[in-house]
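So the structure is just underneath, and the comments pick up after that.
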Amino acid sequence: MIKTARILLAGAAAMALAGCATAQAQPAATTTSTNAVPIRQAEPEWARLDPEMDAFLDELIAKMTLQEKVGQLTLLTSDWESTGPTMREGYKQDIAAGRVGAIFNAYTAKYTRELQQMAVEGTRLGIPLLFGYDVIHGHRTIFPISLGEAASWDLEAIEKSARVSAQEASAEGIHWTFSPMVDIARDARWGRISEGAGEDVFLGSEIARARVRGYQGEDLGATDTVLATAKHFAAYGAAQAGRDYHTVDISERTLRDIYLPPFKAAVDEGVATFMTSFNEYDGIPASGSKFLLTDVLRHEWGFDGFVVTDYTSINEMVPHGYSKDLVQAGEQAIDAGVDMDMQGAVYMENLAKSVEEGRVDIERIDEAVRRILEMKYRLGLFEDPYRYSDQARQDATLYRPDFLEAARDVARKSMVLLKNEGDALPLTAQAQSIAVIGPLGNSKTDMIGSWSAAGDRQTRPVTILEGLQARAGEGVTVEYAKGASYAFEDEGETDGFAEAIALAEKADVVIAAMGERWDMTGEAASRTSLDLPGNQQALLEKLVATGKPVILVVLSGRPNTITWANENVPAILHAWYPGTQGGHAVADVLFGDYNPSGKLPVTFPRVVGQSPIHYDMKNTGRPIELGAPGAKYVSRYLNTPNDPLYRFGYGLSYTTFGYSPVTLSASSMGPEGSITASATITNTGDRAGEEVVQLYVRDLVGSVTRPVQELKGFEKIMLQSGEARAVSFTLRPEDLAFTRADMSHGWEPGEFQLWIAPSSGAKASTPVTFTITE
Ligand code: NOJ
């Protein structure tokens, strides 16, 4: 039981439950926060309740009118930013009238204090507002996009990024982030692949936990932590054909085995809130799905936080064809388990009537209200509603040098070296003249990617050109030509080519900074081609034709089909959108001040037609290996290999690593047993480097078919040149659980293969086998 509430005005305790008129006679209050605006009216009603949480909530809810309760279930955007298709006029009047319990897209100590004051001082009960915001990969100091962070496979660094985000956001009055997005994404056409942790269940679950830990810390009551949100529940990433908001039609087994585990991991880590998704699942929009929101989330998993919808997604149940009107939509949503309505005002406008007319139980309303108020309580808002709106803390916190350093560190850890023929990288002292070419070479706007919260796109981001110039030694020239454009409509243009080619011709090395514009991934940013957009490919070919060594640095939020580049460009670095310090981080890697260690969290297809593609495919009854090359009647394409361009888990280093054969502690385990698998990894190159050591398993026969490989463990280790280290992973039967034929969750006895490898493409020629016995 948490017991943190303190009475705001100690002297008023005797007036408990006395009513507003008497209370207003009290002297002005002082609050506990720095720079606090004195509360002019008497203490709010709740200030005189029993401070112990359950009693406090009981008493407070007992005092609320139905309209006030519905107000707590309502989240509205401020007009500062728009993150969805509709705006609602007059949110301030709604606050003042007690019609809203939470606000998003409003921040800064000053603004949140101003709005908070309207709620605390201006409404009958004075219940504080909850401020939410999309703090996805940094708040002011922007870290790499989430998919990029995932490529670091560095849980500590990822947790640190979330921690810094929480510190900055909470210093600007934010209590609640709409992050982490834990949607598994296996189709690079879907623009929101950039916002998650990639395609894998195990890696995605570990990262979900790390992010929740980072945001929420040990104590929600600390002023530098925020509530996290596991979103979008559920299966949003399985949108048909990769088109955002599109129908999802997957089996319950796939839902449970692939899409749900990261959400469950977030629950296990204590995530405070869940957000529904826009899509339908099994014919029912997620915001109306009792199966998802009550049966699975509450009954199976025991989640005890609150559920918010995504932006107007209750309203969208009408065009989905699930609700005949908004009244019915609101009733279906509350009944399914939605506690808070984001931006749709469906609850605000209809729910009280639905209760009064007997179609919704007041107990269900009280339950939702209680879940929301409990979070406000746990944040300490009933102790001091202004405790997060502290100008002095804001001034001392934003863009702290250690935050910028952390962002640079995560950025270089996130970059994946995809190719490095002839040791084209790192740049050597021979590179006296460097040409940076391409639309992403000197673009501040693009460096921080989409969903960059309150990130500054205009001045703060360090571009690749700036980063290289800052790092290049004396006498080294670093010059820039844009050369090409990423705009779709510029595909046939050649205007900038001549200038770029001339610059390349006089340089020792060309850094081609190409990829996608920052908003070509993220929400509502699906593509049917994964090629470099605009006329970049044409310029890249011309740059290669100059004969100069070309290093391709890709900035993008998704896998791109850089198949031509893979064959023709000596070195390729995928740098995602690396954030505020991105240019420095790129320079760190290109000059070898940091030895790249990122590994892909998603498969890169050769052509878009391979999508969706992922490393843990099923074997099929006619696997390609069964036929001679080019054979008919096997599972393959006529015109493209089955293999992707780059596999999940792949990434190069400036050094090399050797893997010993795997040893097992035993060749079988019983239901209560475990097996430890070990391999020795040696740095066989001439410089120190980090390696992500990966454990894969294949369950050979099951009551339902099993994937050809599944990641079951990983460890990122640092090895000096020549150093060797044994890495061990312990597996128990429950680590090999899945949804069995009878839909129960568990493992099955039988034979398994196991291997320890540097990527999912490196299955040992002789994997070791073990069995689980009954
Ligand atoms: C819609 C997005 O789907 C969601 O991820 C985001 O948190 C909300 N808008 C709020 O901006």
Side-chain angles (χ1 to χ4, degrees), residues 74-88 91 100 102-107 130-139 145-147 162 165-166 169 174-185 190-197 208 211-212 215 226-239 242-246 248 259 262-263 266 271-281 285-287 305-317 320 338-346 449-455 519 521-526 557:
T74 298
L75 167 66
L76 294 181
T77 180
S78 94
D79 56 9
W80 273 29
E81 271 169 33
S82 163
T83 53
T86 62
M87 290 300 292
R88 187 183 154 84
Y91 64 96
V100 52
I103 289 286
F104 68 120
N105 293 332
Y107 50 92
L130 184 68
F131 291 105
Y133 194 45
D134 287 287
V135 180
I136 310 293
H137 52 108
H139 175 61
I145 57 163
S146 307
L147 186 62
S165 307
I174 292 160
H175 309 132
W176 175 29
T177 175
F178 303 143
S179 176
M181 170 175 132
V182 303
D183 296 309
I184 296 291
W190 191 53
R192 304 200 80 170
I193 196 170
S194 63
E195 294 177 51
R211 290 191 165 132
V212 171
Y215 291 128
V226 294
L227 308 178
T229 308
K231 74 182 189 186
H232 308 81
F233 195 59
Y236 185 32
R243 199 180 81 206
D244 207 4
Y245 317 125
H246 203 359
V248 165
Y259 291 91
F263 288 98
V271 72
T273 77
F274 258 60
M275 186 187 292
T276 64
S277 54
F278 289 123
N279 57 282
E280 65 172 60
Y281 171 70
S287 297
F306 72 81
V307 173
V308 64
T309 66
D310 204 345
Y311 206 106
T312 59
S313 63
I314 300 180
N315 315 56
E316 292 167 26
M317 297 208 293
H320 265 293
V338 166
D339 300 309
M340 187 185 275
D341 171 9
M342 182 195 286
Q343 188 57 15
V346 175
S450 72
W451 286 117
S452 305
D519 57 356
T521 44
E523 190 178 348
S526 297

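Computed from a predicted structure; not experimentally measured. When a ligand or atom number is given, it counts from 1 through the structure's own listing order. Just so you know, residue 1 is the first one in the sequence shown, and it goes up from there.
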Please work out whether the ring planes of F263 and F274 are parallel, tilted or perpendicular, with thresholds of 30° and 60°.
-> tilted
Please work out which of the three classes, parallel, tilted or perpendicular, describes the rings of Y236 and F278, given edges at 30° and 60°.
-> perpendicular
Look only at the side chain of D341 and the backbone of V346, and say whether a donor-acceptor pair between them is shorter than 3.5 Å.
-> yes
Please test T83 against Y311 for side-chain hydrogen bond (donor to acceptor under 3.5 Å, both in side chains), starting from the C-alpha separation and ending with a verdict.
-> CA-CA 8 Å; T83 53; Y311 206 106; 5.0 Å; no
Strictly under 6.0 Å, is that where the ring centroids of W176 and F306 end up?
-> yes
Which atom pairs, nitrogen or oxygen on both sides, join ligand 1 and the protein at under 3.5 angstrom?
residue  : atom   : partner : partner atom : Å
ligand 1 : 3 (O)  : R192    : NH1          : 2.6
ligand 1 : 3 (O)  : R192    : NH2          : 3.4
ligand 1 : 3 (O)  : H232    : NE2          : 3.4
ligand 1 : 3 (O)  : D310    : OD1          : 3.4
ligand 1 : 3 (O)  : D310    : OD2          : 2.5
ligand 1 : 5 (O)  : R192    : NH2          : 2.9
ligand 1 : 5 (O)  : K231    : NZ           : 2.8
ligand 1 : 5 (O)  : H232    : NE2          : 2.6
ligand 1 : 7 (O)  : D134    : OD1          : 2.5
ligand 1 : 7 (O)  : K231    : NZ           : 3.1
ligand 1 : 9 (N)  : D310    : OD1          : 3.3
ligand 1 : 11 (O) : T83     : OG1          : 2.7
ligand 1 : 11 (O) : D134    : OD2          : 2.5

Listed partners of R243 passing side-chain contact (heavy atoms from CB on, under 4.5 Å), at least two apart | H246
